[in-house]
Amino acid sequence: MNTLTNLPPLSQVIAAHGLSARKSLGQNFLLDLNLTAKIARQAGDLTESDVLEIGPGPGGLTRGLLAEGARRVLAIEKDTRCLPALQEVAEAAEGRLRIINGDALEIDPLAHLTPPIRVVANLPYNVGTELLIRWLTPRDWPPFWQSLTLMFQREVAERIVAQPGGKAYGRLALLAQWRATPRIVMHLPPGAFIPPPKVSSAVVHLTALPEPRYPADPKILERVVARAFNQRRKMLRAALKGMVPDIEDRLRAAGIQPTDRAETVSLQAFCALARLMPGGAEAERG
Ligand code: SAM
């Protein structure tokens, strides 16, 4: 039987199982096991964690996670063609890898995982962003995960970590930074993938905060931020007009000039404004 170290190279696995990359599934594979081990290391110490991997494909990153000592890996893959290749990794991993075939947007993996849980994924970008937003907006906080280590199109990664004052700053930055600490930990050129995508990529590592950085009701904060950035070129007194009659007074009370634009306003100030909106003071009392 194979062990993890003598499994065949990924190029052979792909050829043996006929895994020609499908665009419809966003398949850009990582074949360099040094690189996948490096990505796995960005997720932190895995030896005491269960890892949820979404979109393992032929299993390059999966092998990296197992080689880095993950206590257990649960991998959810939509493409049935990848299952025999993943089964070979599971056999070599001697009980540490479990594979589920299905759509990560529809499967609830929690029944199969024991905390602490770290999530690691190299996913198609649209699925990655949708899952990130779901993972950041659960009903209760703290969430099921301790950290997320996710590959994104570089431009999306920059939007997640953006600070006030630039074009990249918006809803995604505020959402991610309110409840987590996101960092870009790696940049990857298109040539790192087979086939190469059109754009560069980056790995973002997010650690969950035990509680949101500043108090605010999640729904009110989301509403204020959405309104503010829907018309990001407008001054806030115009963009938020109609939310409440005395919006200018509330903006000033939150330390925001009514003539400011959304992209210059800090997360802290948006949270202060959310607390000053009708129903928003509840958040302060927890
Ligand atoms: N992790 C592998 C790697 O790094 O080489 C594959 C990465 S490839 C960018 C994305 C993988 O996600 C593919 O294997 C694809 O089939 C899978 N995938 C796409 N959509 C998915 C979904 N909704 N649920 C689960 N897996 C999905």
Side-chain angles (χ1 to χ4, degrees), residues 105-106 108 110 115 117 119 126-148 150 156 158-183 204 206-286:
L105 294 168
E106 281 160 22
D108 177 6
L110 288 190
I117 299 164
V119 180
N126 55 345
V127 182
T129 312
E130 180 162 352
L131 283 172
L132 172 65
I133 291 171
R134 282 193 201 179
W135 288 327
L136 288 167
T137 53
R139 217 187 45 198
D140 301 313
W141 197 266
F144 75 88
W145 51 271
Q146 190 176 58
S147 68
L148 308 173
L150 309 172
V156 175
E158 283 166 0
R159 279 170 43 209
I160 295 170
V161 302
Q163 295 299 310
K167 268 212 321 256
Y169 184 65
R171 291 170 73 177
L172 202 52
L174 288 159
L175 184 60
Q177 295 170 32
W178 184 45
R179 284 173 153 173
T181 304
R183 277 183 307 130
V204 182
L206 301 100
T207 44
L209 292 168
E211 51 188 78
R213 208 173 287 279
Y214 308 107
D217 176 273
K219 289 211 171 68
I220 297 175
L221 180 62
E222 167 56 23
R223 217 174 303 139
V224 169
V225 168
R227 286 283 287 254
F229 283 96
N230 271 347
Q231 299 176 295
R232 60 187 297 146
R233 302 206 152 272
K234 283 198 173 169
M235 293 177 187
L236 285 169
R237 67 175 174 213
L240 302 182
K241 196 174 159 194
M243 282 197 96
V244 281
D246 53 350
I247 188 64
E248 294 206 17
D249 294 342
R250 293 185 204 233
L251 282 164
R252 276 192 211 94
I256 304 169
Q257 291 308 313
T259 51
D260 284 348
R261 289 178 173 78
E263 66 184 35
T264 65
V265 175
S266 69
L267 169 62
Q268 187 170 13
F270 271 119
C271 292
L273 181 61
R275 292 196 300 275
L276 288 163
M277 297 304 263
E282 304 295 319
E284 235 162 350
R285 293 194 284 274

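As a basis for the values below, the full set of heavy atoms in this structure was taken, side chains included, without hydrogen atoms, waters or symmetry mates. Residue numbers count from 1 along this sequence.
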Suppose the criterion is salt bridge (charged side-chain N to carboxylate O under 4.0 Å, His left out): which pairs have a residue in residues 164-182, not counting sequence neighbours? R171-E222
Rounded distance (nearest 0.5 Å) linking atom CE of M243 with atom CG of L236: 11.0 Å
Pairwise side-chain contact, P143 with W135, heavy-atom cut-off 4.5 Å (strictly under): no
Just to verify, what does R223 make a side chain to side chain donor-acceptor pair (under 3.5 Å) with, not counting sequence neighbours? none
Listed once per pair and sorted, the salt bridge (charged side-chain N to carboxylate O under 4.0 Å, His left out) pairs that draw on residues 248-259, sequence neighbours left out: D246-R250, E248-R252, D249-R252
Please list, chain by chain and in numerical order, all residues satisfying side chain to side chain donor-acceptor pair (under 3.5 Å) with Q231, sequence neighbours excluded. none
Side chains of P164 and T264: does their closest heavy-atom pair fall under 4.5 Å? no
Pairing residues for R159 by the salt bridge (Lys or Arg N to Asp or Glu O under 4.0 Å) criterion, not counting sequence neighbours: E155
Just so I know, are the side chains of P142 and E211 near enough to count as touching, which here means a heavy-atom distance under 4.5 Å? no
Of the non-hydrogen atoms in A274 and I220, which two are nearest, and what is the gap between them? O-CG2, 3.5 Å
Could you walk me through whether L150 and I160 pass side-chain contact (heavy atoms from CB on, under 4.5 Å), step by step? CA-CA 11 Å; L150 309 172; I160 295 170; over 6 Å; no
Can you tell if the side chain of L221 reaches within under 4.5 Å of the side chain of C271, non-hydrogen atoms only? yes
Can you give me the closest heavy-atom contact between A176 and L136, atom names plus distance? CA-CD1, 3.7 Å
How long is the gap from OH on Y169 to CG on L174, to the nearest 0.5 Å? 4.0 Å
Applied to residues 234-244, the salt bridge (charged side-chain N to carboxylate O under 4.0 Å, His left out) test, sequence neighbours excluded, yields none
Would a distance-only check, ignoring hydrogens and angles, find a side-chain to backbone donor-acceptor pair under 3.5 Å from W178 to L267? no
Flag side-chain contact, heavy atom, 4.5 Å: M277 against V224: yes
Any salt bridge (charged side-chain N to carboxylate O under 4.0 Å, His left out) involving residues 135-144? Give me the pairs, sequence neighbours left out, ordered by first then second residue. none
Once rounded to the nearest 0.5 Å, what's the spacing between atom CG of L132 and atom CG of L175? 7.0 Å
Suppose we screen for side chain to side chain donor-acceptor pair (under 3.5 Å). Which residues come up paired with S147, at least two apart in sequence or across chains? R118
Between the CD1 atom in I117 and the CZ atom in F144, the distance rounded to the nearest 0.5 Å is 6.0 Å
Sequence neighbours excluded, which residues qualify as ring pair (Phe, Tyr, Trp, His ring centres under 6.0 Å) partners of F270? F229
Contacts of E130 that satisfy salt bridge (Lys or Arg N to Asp or Glu O under 4.0 Å) - sequence neighbours left out: R134
Are any non-hydrogen side-chain atoms of L172 and V156 less than 4.5 angstrom apart? yes
Test T181 against R213 for side chain to side chain donor-acceptor pair (under 3.5 Å), laying out the working first. CA-CA 9 Å; T181 304; R213 208 173 287 279; 3.1 Å; yes
Contacts satisfying ring-ring contact (aromatic ring centres under 6.0 Å, His included) that involve residues 231-258 (not counting sequence neighbours) are none
Okay, side chain of Q177, backbone of A162: is any donor-acceptor separation there less than 3.5 Å? yes
If you measure from CG on L251 to CG on L273, what distance do you get to the nearest 0.5 Å? 5.5 Å
To the nearest 0.5 Å, what is the distance between CG on L240 and CD1 on I247? 5.0 Å
Which atom pairs, one a donor and one an acceptor, fall under 3.5 Å between side chains of residues 254-262 and the rest of the protein, sequence neighbours left out?
from, atom 1, to, atom 2, distance (Å)
D260, OD2, Q257, N, 3.1
R261, NE, R233, O, 2.7

